[in-house]
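Just the heavy atoms: all of them, side chains too, but no hydrogens, waters or symmetry mates, feed the values below.
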Amino acid sequence: MIDFKNISKSYSGEYILKDVNCRINTGERVGVVGPNGAGKSTLFGMITGEVVPDSGEVVIPRDSRLGIMRQHIAETDLQRTLLEFTADAVPELKKYTSELEEIENRMAECDSDDELEILLRRHGFLQSSIEHLGAYHLDVEAKQALTSLGFPVAKLDVPLSEFSGGWQMRAALARVLISHPDILLLDEPSNYLDIPAVEWLCRYLTNFQGTLLLISHDRFLLRKLASVTLEVNRGTVTRYAGNYDFYCREREQRKISLEAAKRNADHKKEQLERMIDRFRAKSTKAAAAKSAQKKLDRIEDVKLSESLDYHGVIRFPAPPPCGAEAARFEHVDFGYDKDKLLFKDVTLDIAAGEKLAVIGYNGMGKTTLLKLLAGVLQPVSGKVVPGHHIVTGYQAQEFGELVNDRLSVYDAVKAALPAGASTANVANVAGAFGFSGDAMKKPCGVLSGGEKIRLQMARIFVNPPNLLILDEPTTHLDIAARELLQEALRSYSGTVAMVSHDIEFVRNVAGTIWEVSPSGVTKYFGNYDYYLEKSAALNPVAASSLSPVSAENTLTAKDRRRARAQARSAIQGELNKAKKDVEKLELLLEEQSARKAVLVAKLSSGEKVDFAGLNSELAALDKEIAETENRWESRAMELESLRLENDRINA
């Protein structure tokens, strides 16, 4: 297990973590959440020893092998081939192999039987250790992990330096995954992954047997992988015994309970303070006043849960009216190299009001497709035709580099106005995206990632579009900001076309999917779940290539289909029963929570009630709720395991 004991850490006199006590048990799968800058990466740094706490200590089991995805790759590693770098995942192997060669040389020259016996024992230990560390399988695992993360087989022998920074980070992720550590630390692993790779990563990590700590703003990964959630916020670390959904519910329930307890405590304090004020001046009541003061001193202050530090606002102005069609691609060919087309004969249409997501592996042309739609790029042949009265708003991936850091927020928004347009509405638009008062005077260079996203939205909507094109809008956002943007897009009545690697964001916003693959661009007339179902049915062999190495991958396509059908039939009964059990337990929790709300309301009403009786009833009800939650958590985890297995079978 990992123990944080009274940990404190400050930077420039300001505490980022203060008096933190927390335990992570061996084998737990922990999602670490919280606002940007709250101290999540600092916790990881303390585990690896790269960050030293100002006070307290971090206790880690001896001989535990740590695996962490580094954000920077050594210059010497960049000169190695992609496969060499990835397969060199276990540092101990070099040391053991070198010692093994030395021992074999000494054995060849050894004349003493006793010394030879010692050397033979050490030789056996080293061979066993090398085998245990998976040395003979690392090349195969490296190839599988790299290809599953989107690397072409033809590029496995290319020097790592020839890949972009994002692809280098993918290689670093593959390397740490195949090292099979006891404790695996992943800090925002989905930042550099497209959606198919995120799906593969989730399936891969489902089978990881060690202790997993995952910092992520990706709700899909947190829901699928975490069985425990740690919230890091305003110097504190709070543990929740469930995945992201459990955490959200429990946090809200804790907030309601604490608010009720605070109202109750404040009411008691007011009563005692009034009593003390009345009795203090009367000598005959001095003893009663002293007794009331003691009771008042014993009442502890109830500290409410801290907010999640996100106070941004996103309100999209209504889009201008337009025709029934937002845009259409007519026989579009495009390639950066005229001899090598990226797209050929793309013919698609986008209806007004449609919300579509473009998905596919990196390098397939998702961003290029958006640029063609925005008019930033022109087709080699064919045409992209905008609809009647269409006004386009385009947010590029590199939007943060397009704004002068020295400009104020107000001036940056004003600069996005069309030539000759009135500036009268600039302040209103900035305010609609959370920049009002002094916030409008902020220099763009000091804005956080979330503030930069809101600034870009304000720059787009200063001339309100009815076709909104977004390329990776969630990259710099924490969970609260992503959910805010998600709800704003859901409520927006204009047309949206976007690329995002956040599966939950895509699932909750998009009603249409465009899949970009080597065979072209395919339109799916449904949301992300519909796309998964239909794409797996259309191409089960391609879907199965995303799964980790297994014997199933050596079977023929016909054998795989037969095996999946048998497995699907066997698991369906268990899956349906688990669903019903979880639904029943959720209904029971709702009933119990409703009963609790009634009791809490009575306690906090200020009316004359039987406090002792109500508190006793509330304590018994809390115990029932805890038991139901434990049963729900256990059954929900079983359901998730069954769903993952079902997804794997259907993939």
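- For the side chain to side chain donor-acceptor pair (under 3.5 Å) test, no residue two or more places apart in sequence or in another chain qualifies with R29.
- Ion pairing of K9 with D54 is present here, as a side-chain N (NZ or NE/NH1/NH2) and a carboxylate O approach within less than 4.0 Å.
- Atom CD1 of I24 and atom CD1 of I2 lie 4.5 Å apart (nearest 0.5 Å).
- Under a 4.0 Å N-O distance rule, the pair K577/D581 qualifies as a salt bridge.
- For K18, the salt bridge (charged side-chain N to carboxylate O under 4.0 Å, His left out) criterion is met by no residue, not counting sequence neighbours.
- One distance of note links CG of L621 with CD of Q592; it measures 6.0 Å at 0.5 Å rounding.
- When side chains are defined from C-beta on, T26 does not count as touching I183, because their heavy atoms never get closer than 4.5 Å.
- Here CG of L82 is found 5.0 Å from CZ of F151. Values are rounded to the nearest 0.5 Å.
- Side chain of S8 to main chain of S55: no donor-acceptor pair is present (N/O by atom type, distance under 3.5 Å, no hydrogens or angles).
- Rounded to the nearest 0.5 angstrom, L43 CG and L230 CG are separated by 7.5 Å.
- Between the side chains of E231 and Y240, no donor-acceptor pair is found at a separation under 3.5 Å.
- Between the side chain of T48 and the main chain of G45, a donor-acceptor pair closer than 3.5 Å is present.
- Geometric assessment of R23 against the ring of F4 yields a negative cation-pi assignment under the 6.0 Å and 45° thresholds.
- A donor-acceptor pair under 3.5 Å is absent between the side-chain atoms of R219 and the main chain of D502, judged by distance alone.
- Between E591 and K596 there is no salt bridge, since no side-chain nitrogen of the basic residue lies less than 4.0 Å from a carboxylate oxygen of the acidic one.
- Rounding to the nearest 0.5 Å gives a distance of 6.5 Å between NE2 of H217 and CZ of R482.
- Side chain of N25 to backbone of M1: no donor-acceptor contact under 3.5 angstrom is found.
- N21 places a side-chain N or O within donor-acceptor distance of the main-chain N or O of N6, the cut-off being under 3.5 Å.
- Checked by atom type and distance alone, the side chain of D182 never pairs as donor or acceptor with a backbone atom of S64 at under 3.5 Å.
- Taking CD1 of I16 as the start and CD1 of I7 as the end, the distance is 13.5 Å to the nearest 0.5 Å.
- With N527 contributing its side chain and D529 its backbone, the two residues share a donor-acceptor pair below 3.5 Å.
- One finds a salt bridge joining E28 and R239 here, because a Lys/Arg side-chain nitrogen approaches an Asp/Glu carboxylate oxygen to under 4.0 Å.
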Item to check | Full working for side-chain hydrogen bond (donor to acceptor under 3.5 Å, both in side chains) between E141 and H180 | outcome: CA-CA 11 Å; E141 291 188 46; H180 303 299; 2.7 Å; yes
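- R175 and D88 are joined by a salt bridge, as a carboxylate oxygen and a charged side-chain nitrogen come within less than 4.0 angstrom of each other.
- A salt bridge is defined here as a Lys NZ or Arg NE, NH1 or NH2 lying under 4.0 Å from an Asp or Glu carboxylate O, and K580 with E583 fails to meet this definition.
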